[in-house]
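In the text below, chain A, chain B and the rest are named by the order of the sequence lines, each starting its count at 1. Computed over heavy atoms, backbone and side chain alike; hydrogens, waters and symmetry mates excluded.
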Protein chains: 2
Amino acid sequence: MPSPYVSYSLPMDEPPSEVERTLEAQIAAYQREFHDLDPQVEKIVSALSRLNRRMNVAYGRQTATLGMSNAEWEVLKALVLSGAPYQLGPGELAKRLGLTPAAMTHRIDRMVGEGLVTRERDESNRVRVNIELTVEGREKWLEAMRLATVFEEELLQDLSSEDRTALGEVLTRLLKRVEHAQPDASGRLKDLD
Amino acid sequence: MPSPYVSYSLPMDEPPSEVERTLEAQIAAYQREFHDLDPQVEKIVSALSRLNRRMNVAYGRQTATLGMSNAEWEVLKALVLSGAPYQLGPGELAKRLGLTPAAMTHRIDRMVGEGLVTRERDESNRVRVNIELTVEGREKWLEAMRLATVFEEELLQDLSSEDRTALGEVLTRLLKRVEHAQPDASGRLKDLD
DNA sequence: GCTTCGAACTTTAGCTTTGAAGTCTTCACT
DNA sequence: AGTGAAGACTTCAAAGCTAAAGTTCGAAGC
């Protein structure tokens, strides 16, 4: 007997969500279970995390309509942002995406097969390999960007220009703090300067 | 000949980062390559995404010091937040974490082995299975929370209480918009109400 | 009471990623 | 030239996830 129906909400269909629980309810549960919690902090952190999940789901759907995965989109993005001549080595790509070189090797294999990038040995240094964006790859990236910006504009629709400026400024401040100070295992952010 | 040295920055060691590129430089590259871009929007979106990466790396290091993975921490979190008696079925857990039931089965296998949760058939309905937090699991969650709150406080250190309130409020507005409106493949956020 | 449908979990196969080992170049020193 | 160290990628095995069966139990309908 087969099992002809899928009763589950798969990650891609139903977006990964903490289910029908509002942010407020979640924070209330946190306070109930962990009394030392600062609800103001938790609200920000939880919202950031949940926002990001939704964004990734949205991007995933969009790239899927273009026959790509988010993983491939990221590679295209890194290559485009590197500027002309739109080529980088596997190791450099891996660093920029936060992957191991091994994973990059496989990812590139696929993308070469799909015609999004080419892989060629560097002539001047034959240890090196150059991954270069193809015309088709660049076009795909552009299409993905057009979709993404539509979504992003929708997301921020309720914010005035002043709100947006203020939000961008605050987030940048936070980011500077995290990126310039390496947190150790205990969570302390040690400044590097 | 073995290869005795690791010259790569592995995802866990060196945090996944778009490498030594500031947010400002990234936005400039976007504008260079995609002229229709609204830099104000891109700043917010990019900062959100990069912030989240750093947060996840930080959480990952912290849970690692407790001998857990982020994946396991998420399961503990869902169980704790469900409230007493701290038990849920695999399917419900999968939904809350955005995983397939199959992945949940394996994850639970591991966690049962580590004594973080127990798995028992429901007596009243023997199709159902109850995953219940153990005392040790709850204690681990508490320790992880203590570490997490230290990091979170460090992260927000530069923000005044007013800044924090404002940020929490804005993020909540965005979140409400994304969670209550299902984006379709083209990025449009259709309200459900 | 038997049968069929449906729900809830588990199993299996295939894919992506990690971590470690391996290969091939290049560079520096002798 | 000749050797050794180091760098840049690839290969391989194991872990974790998804998608698609498969299994078991409970609830309805005949």
Quiz item: Could you state the interatomic distance from CD1 (A:I44) to CD (B:E169), rounded to the nearest 0.5 Å?
Solution: 11.5 Å
Practice problem: Specify the residue among A:R126 and B:R128 whose closest nucleotide of DNA chain C lies further upstream toward the 5′ end. | Solution: B:R128
Quiz item: Between B:S124 and A:A103, which is nearer to the 5' end of DNA chain D once each is assigned its nearest nucleotide?
Solution: A:A103
Quiz item: Rounded to whole angstroms, how far apart are CG on A:N125 and P on D:dG7?
Solution: 13 Å
Self-check item: Whole angstrom value for the distance that separates P of D:dG26 from CD of B:E123
Solution: 10 Å
Exercise. Using atom types as modelled and distance alone, determine if a side-chain donor or acceptor of A:R107 lies under 3.5 Å from a backbone N or O of A:A71.
Key: yes
Practice problem: Remember a base hit wins even if backbone is also touched, and classify B:R121 as base, sugar-phosphate or nothing at under 4.0 Å, heavy atoms. | Solution: nothing
Quiz prompt | Nucleotide D:dT10, atom P - distance to CZ of A:R107 in whole Å | solution = 15 Å
Quiz item: What is the distance, rounded to the nearest whole Å, between atom CG of B:D122 and atom C1' of C:dA7?
Solution: 13 Å
Quiz item: Tell me: NE2 of B:H106 to P of D:dG16, nearest whole Å?
Solution: 10 Å
Quiz item: Considering only C:dT10, C:dT11, D:dG26, which nucleotide approaches the side chain of B:R119 most closely?
Solution: C:dT10
Quiz prompt | Distance in angstrom units between B:D109 CG and D:dC17 C1', rounded | solution = 14 Å
Quiz item: Is there a side-chain polar atom (N or O) of A:R110 under 4.0 Å from OP1 or OP2 of C:dT16?
Solution: yes
Quiz item: Once the angle between the rings of A:F151 and A:Y59 is folded into 0 to 90°, is it parallel (under 30°), tilted (30 to 60°) or perpendicular (over 60°)?
Solution: perpendicular
Quiz item: What is the distance, rounded to the nearest whole Å, between atom CD1 of B:I108 and atom P of D:dC17?
Solution: 11 Å
Quiz item: For A:N130, does its backbone N or O pair with a side-chain atom of A:Q87 as donor and acceptor, under 3.5 Å?
Solution: no
Quiz prompt | A:E92 bridged to A:R96 by N-O distance under 4.0 Å | solution = yes
Quiz item: If you find the nucleotide of DNA chain D closest to A:A102 and the one closest to A:V127, which residue's nucleotide is nearer the 5' end?
Solution: A:V127
Self-check item: 5'-most by nearest nucleotide on DNA chain C - B:G89 or A:A71
Solution: B:G89
Quiz item: Quick one: A:L99 CG to D:dG16 P, roughly how many Å, whole number?
Solution: 18 Å
